[in-house]
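The chains referred to below are lettered A, B, ... by the order of the sequence lines, with proteins before strands, and numbering in each begins at 1.
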Protein chains: 2
Amino acid sequence: MLKHLLLNKESIHCSTCMLGHLCVPGGLTPSETHRLTELIKERIRIPKGTLFFKVGDPLTAIYSIRSGSMKTQLENESGHVQITGFFLAGELLGLDGFSEGAHLSNAIALEDTEVCVLKLSDLDALTHEIPALQHQFWKILSKEISRSHNLVLSLGAMRSEQRVASFLLNLSTRFTNLGYSPNEFILRMSREEIGNYLGLTLETVSRLLSRFAKEGLIRIHQRQVQLLSKSGLNDLIKHEQNSKKK
Amino acid sequence: MLKHLLLNKESIHCSTCMLGHLCVPGGLTPSETHRLTELIKERIRIPKGTLFFKVGDPLTAIYSIRSGSMKTQLENESGHVQITGFFLAGELLGLDGFSEGAHLSNAIALEDTEVCVLKLSDLDALTHEIPALQHQFWKILSKEISRSHNLVLSLGAMRSEQRVASFLLNLSTRFTNLGYSPNEFILRMSREEIGNYLGLTLETVSRLLSRFAKEGLIRIHQRQVQLLSKSGLNDLIKHEQNSKKK
DNA sequence: CGGGTCTTTGATTCGTGTCAATGCTAGTGG
DNA sequence: CCACTAGCATTGACACGAATCAAAGACCCG
């Protein structure tokens, strides 16, 4: 069973959370943030590897990652799994599925992770009182659409080396926003998970990472990555002759 | 310039629109639908091939397709275009981009098309008064996320023949919902557009359609499609050995 | 009826997937 | 503390699916 943590007044809340600017409260006034804070009565600890929710589970809340990271994946009729996203601290989980009232993907922790619980019923009530919160949610949902569209672009229009390069650059941006080093980070996912996400095999990912390292673009040791030339990686993506077609 | 049609009382509104159950009003009460109807003061006629909005255009409204069909596409740094969706009557356009306040994709009409204009400012006001409308929008946005995730699944986890088969089945479902024949329809997009959408070349799409026809699964003459064996198409998707990996 | 666009089909190439063997690392228990 | 093991990662050889290049055919619109 997952560890549910009930919060009390002393616990750290949205108002003081370091992730405030990235998470739901972004764009709210301090007093609005305070109202939101009061909604979050619970956090959940999810050990590495745990299936947190799965396709078909009733959707009663959405979850903001406080620390750690997760992946979401879905499965097609032939049983093949496709990872649809990796989520870092400050990012929201469980946004598909509103339409059905049930989760449409599986969520699994890549490492020990802690999420804040936003009950839909509570949230609903509060959005009526705080217009800005409603805007914020539209934005969050819309951002998820855009995120997914970009993955589609990557899968449909880019070759393997471009996909891996933009994957690394994307992670770099997100780690930077979190206040971590832009050029050095640890991959929380395996080569197989990266490959699955990018529509490649784990061998292709491994080969490309090795190649990038040989070319001096990155340094890589297991899951420890160092970006040596972001502009070089960007050139890979930009350059016409690398594009899939035409 | 695009033809803007101002609506008056006599014009056909949401309340009487045949698409009501698919479009925004779905799930609203008649009186709520009526309120929504009053928001829609304008429709726009978009001739075939017209770029309706493009990346960077300020997002002031969202658009519901009343008749016709459109595509949305985005472009990567190297100039390659990726179609992210085909939209039929009753479907909503322009849902990404809330986060930025500007459109994040281009929208182009596949045929002469007419859209209903939902001004964001008006919509915003009304969602405060009608809680169900807010839910409805969450659902619509979330459905778009799910739609995109399914495209990711198709691009990342399926082989070419499965992509084309599920593309056809998906269209069939949507046409059925619109009240058209489930087994016979006209493709509004070219082979190249299908290929682009599915991450394939136009030649591959053409070959697969020919193959499906030779196998008796479909009949196809130019853009006129007839599905002869949906179960056969489904088997292609389901069957393990056709799956991309493992 | 002609010209342009879209589609089909074939021959060939090339990028990735597949299969297989080896190496590395972290975690476990003796 | 070290041997053992179980995953994960790397690298190579090869095969195959889909892209590319090319040419001909079908259709639509003026």
Problem - salt bridge (Lys or Arg N to Asp or Glu O under 4.0 Å) partners of A:Glu100, counting only residues at least two apart - result: none
Using a cutoff of under 3.5 Å, can you pull out all pairs of nitrogen or oxygen atoms linking the protein to nucleotides 20-26 of chain C, with atom names and distances?
unit_1 : atom_1 : unit_2   : atom_2 : d
C:dT25 : OP1    : A:His221 : NE2    : 3.2

Handout entry: Short N-O contact, A:Lys48 and A:Glu111, less than 4.0 angstrom
Key = no
Handout entry: B:Glu203/B:Arg191 salt bridge by N-O under 4.0 Å criterion
Key = no
To the nearest angstrom, how far is [X] atom [atom1] from [N] atom [atom2]?
| X | N | atom1 | atom2 | result |
| --- | --- | --- | --- | --- |
| A:Arg211 | D:dG12 | CZ | P | 15 Å |
| B:Arg191 | D:dC27 | CZ | P | 12 Å |
| A:Arg163 | C:dG17 | CZ | P | 8 Å |
| A:Leu236 | C:dG15 | CG | C1' | 16 Å |
| B:Leu187 | C:dC6 | CG | C1' | 13 Å |
| B:Lys214 | C:dG10 | NZ | P | 7 Å |
| B:Glu161 | D:dC16 | CD | P | 15 Å |
| A:Lys48 | D:dG7 | NZ | P | 13 Å |

Problem - Neighbour count above 12 (heavy atom, 6.0 Å) for A:Tyr180 OH - result: no
Problem - B:Lys143, NZ: over 12 other non-hydrogen atoms inside 6.0 angstrom - result: no
Exercise for the section: On the 0 to 90° scale, with breaks at 30° and 60°, tag the A:Tyr63-A:Phe52 ring pair as parallel, tilted or perpendicular. Expected result: perpendicular
Exercise for the section: Assign the ring pair B:Phe167 / B:Phe86 to parallel, tilted or perpendicular, where the plane angle (0 to 90°) is split at 30° and 60°. Expected result: perpendicular
Report the nucleotide, chosen from [options], that has the shortest atom-to-atom distance to any side-chain atom of [X].
| X | options | answer |
| --- | --- | --- |
| A:Leu202 | D:dA9, D:dT10, C:dT16 | D:dT10 |
| B:Arg207 | C:dG10, D:dT10, C:dG17 | C:dG10 |
| B:Ser210 | D:dA19, C:dT8, D:dT10 | C:dT8 |
| B:Thr201 | C:dT9, D:dT20, C:dG15 | D:dT20 |
| A:Ser190 | C:dT16, D:dC8, D:dT11 | D:dC8 |

Exercise for the section: Compare side-chain N and O positions of A:Arg223 against OP1 and OP2 of D:dC8 and report whether any pair is under 4.0 Å apart. Expected result: no
Problem - Side-chain N,O (A:Thr204) to OP1/OP2 (C:dT16) below 4.0 Å - result: no
